[in-house]
There are 2 protein chains.
Amino acid sequence: MYLCSVATLAEEDYIKAIYSLSGIDGNPISTSSISGYLGVNPASVSGMVKKLSAKKLLEYKRSHGTSLTAKGKKLAIGIVRKHRLWETFLVEKLGFSWEEVHDLAEQLEHIRSEDLINRLDGYLGFPKTDPHGDPIPDKSGKIAQTGLISLSKLGSGENGVVGGVGNQDSKFLKHLNQLKVGIGSEVKVLNINDFDKSIEASIDGKKIFLSDKLASQILIFKD
Amino acid sequence: MYLCSVATLAEEDYIKAIYSLSGIDGNPISTSSISGYLGVNPASVSGMVKKLSAKKLLEYKRSHGTSLTAKGKKLAIGIVRKHRLWETFLVEKLGFSWEEVHDLAEQLEHIRSEDLINRLDGYLGFPKTDPHGDPIPDKSGKIAQTGLISLSKLGSGENGVVGGVGNQDSKFLKHLNQLKVGIGSEVKVLNINDFDKSIEASIDGKKIFLSDKLASQILIFKD
DNA sequence: AATTATTTTTAGGCAAGCCTAAAAATATAA
DNA sequence: TTATATTTTTAGGCTTGCCTAAAAATAATT
Ligand SMILES: [Mn+2]
Ligand SMILES: [Mn+2]
Ligand SMILES: [Mn+2]
Ligand SMILES: [Mn+2]
């Protein structure tokens, strides 16, 4: 009853998961980690990997893991592009805040139309990054490097500007809202506690404390 | 793996189909007509009707047909609202033309979020009708009557303004594009051929011929 | 009223994606 | 190397939504 295409909705979610887990260099991913990431049983992953392998979207070597083929990677990047453009639309045009859009984009990313997403891209002015600072792949699949580093990598006395987050969890983002930390916030590390690596910092002139766990998920452009 | 809700995607398509077939007065609909409309086997409809009936979305009396309950009708109107708002977005904001948007809206109408659709409504300026002249239900489910009548109901010498179409088929809409007939076009019936009810009309000052079949699908506000 | 035609339901199957439990393979530790 | 722990696969099941074929019910004709 629905549009045919390269991959079903569930297949797309697997491909995207493997892409996310593989990182930039495309490391092979274990069955169990896909299982954990998607919240499905390892046995289900086994079956799907076999299926996607037959479709040449990924390669699988037993006990070595799964990695996307060029075809699979292209599909994954297309989904990521859609996800991030829709998130940008929701925030820029419909006035959602950054912690509300991820789940909606999980639905919208599966809408099938190259034309639609390219027009949306143009309508938004070809944005380079999404509301969380993640780079938006262009029409050809190219992804610009953002140059963001984790705040927890900064030394005492160093400073930078918040450019993104390493986590889409809405609890995390709401917490940042409360702390008045967002993209564009100016950060200066005042002190790093040796015991737990927690950070004392000034953000937009206001002094706050950040746990290492929190700081590690805040991404900055180092000055 | 996906959002739970009142109805699955397939269920929504059945509900919407029954709503479309029932007309404004909610006539009971036969199994075979649903089957024909959706392009599925009558046996499949039988099964789904049983399921939706158990969910109290419709009522079924054997050999009398199916009609939506209040709950089912509300669901249907919600889907129609989403469909028409997305179509409006695609035309007004992304520059699609009216014959391109229906299939995309078939996908977008299943995106689950009350909040999203209400914000989209606001973003579009609470439009009353979609790109095909169909009324957009408001947030509460109310549907304004458009007062449109078929062009083939006009008598010789009468005139009006095109306000909508009675058909979403892209071949039909492309044909209207070629004839330069669109919403807002001013129509005057010059002559009706007695033999085949075909119409000689002036549209925006230009004289054209319309078959009865074509004219019946053009909806106008009578002057 | 009886026959024929149409509509609808039941019965039995299939594919996709998920599950659990058990078996097999691999990795780690002793 | 042998034993233990972990990971992965296989086997068997379930639900949804579709199919075809056959049976049953209803409607239309004669
Ligand atoms: Mn996201
Ligand atoms: Mn998804
Ligand atoms: Mn439509
Ligand atoms: Mn649909």
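Order of the sequence lines sets the chain letters (A, B, ...), proteins ahead of strands, with each chain counted from 1.
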Rounding to a whole Å, what distance do you find between A:Ile34:CD1 and D:dT7:P? 14 Å
Taking only N and O in the side chain of B:Ser30, is any of them less than 4.0 Å away from OP1 or OP2 of C:dT7? no
Are OP1 or OP2 of C:dT10 and a side-chain N or O of B:Lys50 less than 4.0 angstrom apart? yes
B:Lys61 NZ to C:dT8 P, straight-line distance once rounded to whole Å: 15 Å
Select one nucleotide: of D:dC19, C:dG17, D:dT10, the one nearest the side-chain heavy atoms of B:Val40. D:dC19
Please check this pair: side chain of B:Ser22 against backbone of B:Ile18, looking for a donor-acceptor N/O pair closer than 3.5 Å. yes
May I ask you to verify if any side-chain N or O of B:Ser32 is less than 4.0 angstrom from the OP1 or OP2 atom of C:dT6? no
Of the candidates D:dC19, C:dA16, D:dT8, the side chain of B:Asn41 sits closest to D:dC19
For A:Lys55 and C:dA16, give me the distance from atom NZ to atom C1', rounded to whole Å. 11 Å
Length of the line joining A:Tyr60:OH and C:dA25:C1', which is rounded to integer Å: 10 Å
Is a side-chain donor or acceptor of A:Ser150 paired with a backbone partner of A:Leu219 at a separation under 3.5 angstrom? no
Under-4.0 Å side-chain N/O to phosphate OP1/OP2 contact, B:Tyr14 with D:dC18: yes
Could you check whether any side-chain N or O of B:Asn118 sits under 3.5 Å from a backbone N or O of B:Glu114, counting only pairs where one atom can act as donor and the other as acceptor? yes
Does B:Ser198 reach the main-chain N or O of B:Asn193 with its side chain, forming a donor-acceptor pair under 3.5 Å? no
Between D:dT9, C:dT8, C:dG17, which nucleotide gets closest to the side-chain atoms of A:Glu11? C:dG17
5'-most contact on DNA chain C: A:Ser44 or A:Arg62, nearest heavy atom basis? A:Ser44
Send over the distance from A:Leu52 CG to C:dA16 P, rounded to a whole Å. 12 Å
Base, sugar-phosphate or nothing for A:Gly36? Non-hydrogen atoms, less than 4.0 Å. nothing
Measure from the side-chain N and O atoms of A:Arg84 to the backbone N and O of A:Pro137, and report whether any donor-acceptor pair falls under 3.5 Å. no
Choose from C:dC18, D:dT8, C:dT10 the nucleotide whose nearest atom is closest to any side-chain atom of A:Ser46. D:dT8
Return the nearest nucleotide to the side chain of B:Met48; candidates are C:dG17, D:dT8, D:dC18. D:dC18
